Amino acid sequence: MPIYDGTSTGGTRGCGSRVKGGIYLCTGLSEHGSPLEAFLIDPVVPFDAAPGESFRTPILRENPYITGVFDAYVWVGESFYPSLVDYVEETRQKGASRRISPLLDLSKLTLGKSRMIFIHPKAYTEHLNLPANGCPKAIEDHGKDEPCIGAHWHYAKSLGSLMTGDQTASIGDVTYSLPEQQDAPEDCRPGLFLALPITHIEFEDNGEALPKSVTQASEAGYDVLVMHDPQGA
């Protein structure tokens, strides 16, 4: 696919601001797209890293159900996002954008099939709790017989999300609402909570040649946007 020019929009996420020369896997927003709830993994699936796996940046793993299709597994650090709710609510308003290593082989991605799979260190719990606002995936009585991801909206304060009121919190420059808060279960551990399509790739221009991984993404069929500073700095 062609490589297009774009303009950096700025703004702040929970993990900070973008850096020049950074390569980002992205999921864009669309008024014609599915609601974010469609992409939640509910119930959350427990996650155990394979020996030697490091999650400083996203890694690729083959989809266990589709031979030859690789997904990008993304570790959402709790020092930036204390609760998975912080990441979900930020994504709801801004879409997803995750910086990757320039050494990641993007030729392994398959347009329309590869996804970003998100892991949070406190996502999985076996605790049963009926969410006050109901299951976000509209599963009747979810939380009664198996854990429901919707209960996490009750645990945000307990897990350390930045509260701006009794039932509001913020992450970066995003503010969101919460139901009545409760103590988080003690058994919270890493789990898969969100699976998003990779819609395009963005590269923050630094005045140098495009990294190999960026051209690999274009050759794999992805739209690539080279983002330029609107101030020309």
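Counting from 1, the numbers follow the sequence of the chain as shown. Please read all numbers here as calculations on a predicted model, not as lab measurements.
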Minimum side-chain heavy-atom gap [X]-[Y] below 4.5 Å:
{"X": "Thr91", "Y": "Leu36", "result": "yes"}
{"X": "Thr168", "Y": "Met163", "result": "no"}
{"X": "Tyr4", "Y": "Val226", "result": "no"}
{"X": "His228", "Y": "Asp205", "result": "yes"}
{"X": "Leu84", "Y": "Lys122", "result": "no"}
{"X": "Trp153", "Y": "Ser83", "result": "no"}
{"X": "Asn63", "Y": "Lys113", "result": "no"}
{"X": "Pro190", "Y": "Trp75", "result": "yes"}

About how many Å separate [atom2] of [Y] and [atom1] of [X], when rounded to the nearest 0.5 Å?
{"X": "Asp141", "Y": "Cys135", "atom1": "CG", "atom2": "SG", "result": "10.5 Å"}
{"X": "Glu204", "Y": "Arg99", "atom1": "CD", "atom2": "CZ", "result": "10.0 Å"}
{"X": "Ile117", "Y": "Leu60", "atom1": "CD1", "atom2": "CG", "result": "11.5 Å"}
{"X": "His127", "Y": "Thr125", "atom1": "NE2", "atom2": "OG1", "result": "6.5 Å"}
{"X": "Ile201", "Y": "Leu109", "atom1": "CD1", "atom2": "CG", "result": "6.5 Å"}

Indicate the atoms forming the closest heavy-atom contact of [X] with [Y], along with that distance.
{"X": "Thr175", "Y": "Ser170", "answer": "OG1-CB, 3.9 Å"}
{"X": "Ala38", "Y": "Ser34", "answer": "CB-CB, 4.1 Å"}
{"X": "Leu159", "Y": "His152", "answer": "CD1-ND1, 4.4 Å"}
{"X": "Glu62", "Y": "Gly68", "answer": "OE2-N, 2.6 Å"}
{"X": "Ile23", "Y": "Pro102", "answer": "CD1-CA, 3.8 Å"}
{"X": "Cys148", "Y": "Pro136", "answer": "SG-CD, 4.0 Å"}

*asked:* Working note: Phe39 + Thr27, criterion side chain to side chain contact (heavy atoms under 4.5 Å, CB included); need CA distance, chi angles, decisive distance, verdict.
replied: CA-CA 12 Å; Phe39 304 102; Thr27 302; over 6 Å; no
*Only one of Ile171, Val76, Val74 passes side chain to side chain contact (heavy atoms under 4.5 Å, CB included) with Tyr87; say which it is.*
Val76
Report yes or no: does [X] contribute a side-chain atom to a donor-acceptor pair with the main-chain N or O of [Y] at less than 3.5 Å?
{"X": "Glu146", "Y": "Lys144", "result": "no"}
{"X": "His120", "Y": "Arg189", "result": "no"}
{"X": "Asp71", "Y": "Arg115", "result": "yes"}
{"X": "His154", "Y": "Ala184", "result": "no"}
{"X": "Gln181", "Y": "Lys157", "result": "yes"}
{"X": "Ser158", "Y": "Asp183", "result": "no"}

If hydrophobic clusters are built by linking Ile, Leu, Val, Met, Phe, Trp and Tyr wherever their side-chain heavy atoms come under 4.5 Å apart, do [X] and [Y] end up in the same one?
{"X": "Tyr155", "Y": "Leu128", "result": "no"}
{"X": "Phe80", "Y": "Val88", "result": "yes"}
{"X": "Leu162", "Y": "Leu178", "result": "no"}
{"X": "Val174", "Y": "Leu196", "result": "yes"}
{"X": "Leu25", "Y": "Leu111", "result": "yes"}

*Going through the checks in order, is the side chain to side chain contact (heavy atoms under 4.5 Å, CB included) test met by Ser213 and Leu104?*
CA-CA 7 Å; Ser213 55; Leu104 195 68; 5.6 Å; no
*asked:* Would Arg98 pass as a cation-pi partner of Tyr24, given that its NZ or CZ must be under 6.0 Å from the six-membered ring centre and within 45 degrees of the axis?
replied: no
For [X] and [Y], test the side chains for any donor-to-acceptor distance below 3.5 angstrom and give the result as yes or no.
{"X": "Asp187", "Y": "Tyr124", "answer": "no"}
{"X": "Gln182", "Y": "Asn129", "answer": "yes"}
{"X": "Asp86", "Y": "Ser161", "answer": "yes"}

*Intermediate values then yes/no, side chain to side chain contact (heavy atoms under 4.5 Å, CB included), Ile149 and Ile41*: CA-CA 8 Å; Ile149 193 173; Ile41 299 173; 5.9 Å; no
_Please enumerate all residues that pass salt bridge (charged side-chain N to carboxylate O under 4.0 Å, His left out) together with Glu37, with sequence neighbours excluded._
Arg92
*asked:* Tell me whether the count of non-hydrogen atoms from other residues, nucleotides or ligands lying under 6.0 Å of CG in Asp5 goes above 12.
replied: yes
_Is the ring pair Phe193/Phe118 parallel, tilted or perpendicular, if the boundaries are 30 and 60 degrees?_
tilted
*Using side-chain hydrogen bond (donor to acceptor under 3.5 Å, both in side chains) as the criterion, point out the one residue from Arg13, Arg18, Glu90, Glu202 that pairs with Ser97.*
Arg18
*For side chain to side chain contact (heavy atoms under 4.5 Å, CB included), just list the numbers for Leu106 and Ile100, CA-CA rounded to whole Å, side-chain angles, deciding distance to a tenth of an Å, and then say yes or no.*
CA-CA 10 Å; Leu106 297 186; Ile100 63 170; 3.8 Å; yes
*By side-chain hydrogen bond (donor to acceptor under 3.5 Å, both in side chains), which residues pair with Ser107, not counting sequence neighbours?*
Asp105
*After noting the C-alpha distance and the side-chain angles of Asp42 and Lys137, does the key distance pass the salt bridge (Lys or Arg N to Asp or Glu O under 4.0 Å) rule?*
CA-CA 8 Å; Asp42 188 24; Lys137 298 184 77 70; over 6 Å; no
